[in-house]
Asker: 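Okay, handing you the structure first.
Atoms considered below: every heavy atom in the structure, side chains included; atoms not considered: hydrogens, waters and symmetry mates.
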Amino acid sequence: MADKDISVVVKEKQEYLDQTFRDSVATISKQGKRNYIFPKKPNGKFYNWRTLVSILYLAVFFILPFIKVDGEPLFMFNVLQRKFIFFGQVFWPQDFFIFAIGLLTFMVFIIFFTVVFGRVFCGWACPQTIFMEMVFRKIEYWLDGDINEQRNLKEMPWNGYKIRKRVVKMAVFYFVSFIIANFFLAYIIGMDDVLAMVHEGVAANLGTFISLIGFTSVFFFVYYWFREQVCIVVCPYGRLQGVLLDKKSIVVAYDYVRGEPRGKLNKDYSLQTDHGDCIDCFACVRVCPTGIDIRNGTQLECVNCTACIDACDTIMEKVSKPKGLIRYESEENIAHSKKSKLNWRIAGYSVVLTLLLAFLAVLLVTRDDVDARILRTAGQMFQSLPDGRVSNLYNIKLVNKTRKDITVSLKLENMKGEIEVISKTLVVPKESYYQTPFFVKIDRQLITKRKTPIVLGIFEGDKKIETVSTTFLGPGY
Ligand code: SF4
Ligand code: SF4
């Protein structure tokens, strides 16, 4: 291979792909039926790392709902009551703009991240992959055995053994789905409410219980039957790969320059001299949970789970060839037989990604604790007071996003005048709204226009928490 011109190899590879590249999905038969995939149990360095990462991931997922800050959950996404808590900070509908900016920033982050690092997220952090490959698939290997045992079980006619196996697997899958559904519910309504419902029993919470069974059944359907179809036909991120990836993106890739032309081993298990390093053993295909052959190039179905890297590395070790025939690499580097290393593109994108994350953090941290709206009371003009002053009636609406009651005071900032709050004190209860009318009284001499701009400072003790501008109506002379 060494003395063969790379451009010739690339051309041959292209011709090979043109002839053989599939025009169908591995999980759908020619008759349009589901081809059920039985991936071989992966084994190797990457699989061990992914197992470790997923244990941490699952530990965080199951522990977070129990963590509280000032009596409230650390995270809560209560769409029913429109109450959202991130890192212990309560977010309100008034903070929607932070959500909108956060969402946009997150989308830009995803796009940049994918351009550089491909689908690393899918393989290492996507909940679907973690639950499928690191929870349910492991249970399946434990209950049904590896690829051959699973195939045999599927092929065998229905008998007592098969029925028992299937019933046990369904029961275990449904139970695990039920546990997961409970924890997702805890992220929505809080763990305290979930535990209270468990204490009160099903009859007292029938509606919630029916929803819980609904979610459990969806999880069960996804992990028992639908599986990789989520990534292939449902997930929008997967379908966007075609426009997000380019030749420089780092993906799980087969080094066709080194591997082609592929060929079986000689009878004495040595490599054929006129062939590349791929011995066409299909080990990489057998472990693939989406049923593809990575040697056909980057494909929509590839979730970057790294199982094929481990499988091929094991084979390369056995035939005394360097590992990495399948590896994390860019299409461009493979074509030029180069190895990925830190370059300006990766460094530049990484800096932008870090800045985006910092921007999101700043948005969250600098969010106002108190939100104030001041409106002049509808239908009211102005009042001339007997002491020579003019008064306007306003209404203030305050939102306290913190977990403590806040006493606020108002001050006129840009001119002399008096503020008289009808309720005398402005105490905004924690995590609640408060509104009250108030008068602003200003000497008539200071009001020379029909509409005078005024600025009101809202204070908690000596600390100004917000400044609001409005107008003051007067006789206009
Ligand atoms: S595991 Fe490696 S050697 Fe075997 S078919 Fe796949 S790429 Fe070729
Ligand atoms: S091709 Fe490799 S990395 Fe991609 S899904 Fe299949 S086994 Fe995982």
Side-chain angles (χ1 to χ4, degrees), residues 54-96 98-99 102-103 106 125-128 130-131 134-136 171-223 360-361 363-371 398-407 427-434 460:
S54 62
I55 289 171
L56 288 175
Y57 188 101
L58 291 169
V60 170
F61 175 79
F62 288 118
I63 289 171
L64 275 187
F66 291 101
I67 300 178
K68 289 190 189 166
V69 177
D70 296 337
E72 293 271 16
L74 189 64
F75 287 94
M76 194 162 88
F77 310 95
N78 195 334
V79 277
L80 307 170
Q81 291 177 6
R82 289 184 297 160
K83 184 176 178 183
F84 303 94
I85 304 177
F86 287 95
F87 295 105
Q89 290 222 48
V90 185
F91 282 76
W92 293 69
Q94 284 80 359
D95 297 315
F96 180 77
I98 295 183
F99 267 110
L103 208 62
F106 183 67
C126 173
Q128 165 66 16
I130 298 270
F131 282 119
M134 294 295 161
V135 178
F136 289 96
V172 173
F173 270 46
Y174 204 84
F175 177 71
V176 178
S177 300
F178 184 69
I179 300 284
I180 295 171
N182 270 279
F183 274 82
F184 271 111
L185 183 66
Y187 277 98
I188 296 172
I189 62 173
M191 187 50 96
D192 283 354
D193 284 6
V194 172
L195 292 175
M197 285 179 189
V198 172
H199 195 67
E200 289 161 12
V202 173
N205 301 285
L206 202 56
T208 311
F209 185 72
I210 290 171
S211 314
L212 197 59
I213 292 298
F215 279 111
T216 303
S217 303
V218 170
F219 288 136
F220 174 78
F221 167 75
V222 166
Y223 297 116
L360 263 183
L363 268 185
L364 292 178
V365 172
T366 59
R367 187 197 63 132
D368 290 335
D369 283 344
V370 176
D371 211 55
L398 294 150
V399 182
N400 180 358
K401 302 171 191 169
T402 68
R403 296 197 173 94
K404 58 179 175 36
D405 295 352
I406 291 182
T407 304
V427 181
V428 196
K430 63 178 181 176
E431 294 176 29
S432 188
Y433 300 91
Y434 182 73
E460 181 193 358

Asker: When you compare the side chain of Phe215 with that of Ile188, does any pair of heavy atoms fall below 4.5 Å?
Answerer: no
Asker: State which residues pass side chain to side chain donor-acceptor pair (under 3.5 Å) with Thr407; sequence neighbours excluded, sorted by chain then number.
Answerer: none
Asker: How far apart are the C-alpha atoms of Val370 and Val428, what are their side-chain angles, what is the distance that settles it, and do they pass the side chain to side chain contact (heavy atoms under 4.5 Å, CB included) test?
Answerer: CA-CA 9 Å; Val370 176; Val428 196; 5.7 Å; no
Asker: List the residues meeting ring pair (Phe, Tyr, Trp, His ring centres under 6.0 Å) with Phe62, not counting sequence neighbours, and say none if there are none.
Answerer: Phe183
Asker: Nearest 0.5 Å please: distance from the CG atom of Asp405 over to the CG atom of Asn400.
Answerer: 7.0 Å
Asker: Would you say Phe106 has more than 12 foreign heavy atoms packed within less than 6.0 Å of its CZ?
Answerer: no
Asker: Could you pull out all residues at least two apart from Ile63 that satisfy side chain to side chain contact (heavy atoms under 4.5 Å, CB included)?
Answerer: Ala59, Ile67
Asker: Between atom CD1 of Ile213 and atom OG of Ser177, what is the distance when rounded to the nearest 0.5 Å?
Answerer: 10.5 Å
Asker: For a 4.5 angstrom cut-off between non-hydrogen side-chain atoms, does Phe220 reach Val176?
Answerer: no
Asker: Might you point out which heavy atoms bring Pro127 and Tyr223 nearest each other, and give the distance in Å?
Answerer: O-OH, 4.2 Å
Asker: Can you list everything that forms a salt bridge (Lys or Arg N to Asp or Glu O under 4.0 Å) with Lys430? Sequence neighbours excluded, please.
Answerer: none
Asker: Which residue pairs satisfy the side chain to side chain donor-acceptor pair (under 3.5 Å) criterion with at least one member in residues 209-219, sequence neighbours excluded?
Answerer: Tyr174-Ser217
Asker: Tell me every residue that passes ring pair (Phe, Tyr, Trp, His ring centres under 6.0 Å) with Phe77, counting only those two or more places apart in sequence or in another chain.
Answerer: Phe86
Asker: Relative to each other, are the rings of Tyr187 and Phe184 parallel, tilted or perpendicular (30° and 60° limits)?
Answerer: tilted
Asker: So, using ring pair (Phe, Tyr, Trp, His ring centres under 6.0 Å) as the criterion, who are the partners of Tyr433 when residues are at least two apart?
Answerer: Trp92
Asker: Please enumerate all residues that pass ring pair (Phe, Tyr, Trp, His ring centres under 6.0 Å) together with Phe131, with sequence neighbours excluded.
Answerer: Phe61
Asker: Using the test side chain to side chain donor-acceptor pair (under 3.5 Å), find all partners of Tyr57 that sit at least two apart in sequence or belong to another chain.
Answerer: none
Asker: Hey, what do you get for OG (Ser432) to CG (Leu398), rounding to the nearest 0.5 Å?
Answerer: 10.5 Å
Asker: Which side-chain N or O atoms in residues 200-208 pair as donor and acceptor under 3.5 Å with protein atoms at least two apart or in another chain?
Answerer:
unit_1 : atom_1 : unit_2 : atom_2 : d
Glu200 : OE1    : Asn205 : ND2    : 3.2
Asn205 : ND2    : Gly201 : O      : 3.2

Asker: Could you pull out the closest heavy-atom pair between Ser54 and Ile130, with the gap in Å?
Answerer: CB-CD1, 3.8 Å
Asker: Where do Met191 and Pro65 come nearest, in terms of heavy atoms and distance?
Answerer: CB-O, 3.3 Å
Asker: Compare every heavy atom of Ala181 with every heavy atom of Phe219, then report the nearest pair and how far apart it is.
Answerer: CE1-CA, 3.7 Å
Asker: Would you check, one step at a time, whether the test side chain to side chain contact (heavy atoms under 4.5 Å, CB included) holds for Ile189 with Met197?
Answerer: CA-CA 11 Å; Ile189 62 173; Met197 285 179 189; 3.8 Å; yes
Asker: Can you name the residues that form a side chain to side chain donor-acceptor pair (under 3.5 Å) with Tyr434, not counting sequence neighbours?
Answerer: Ser423
Asker: List in chain and number order the residues that pass salt bridge (Lys or Arg N to Asp or Glu O under 4.0 Å) with Asp192, two or more places apart in sequence or in another chain; answer none if no residue qualifies.
Answerer: Lys68
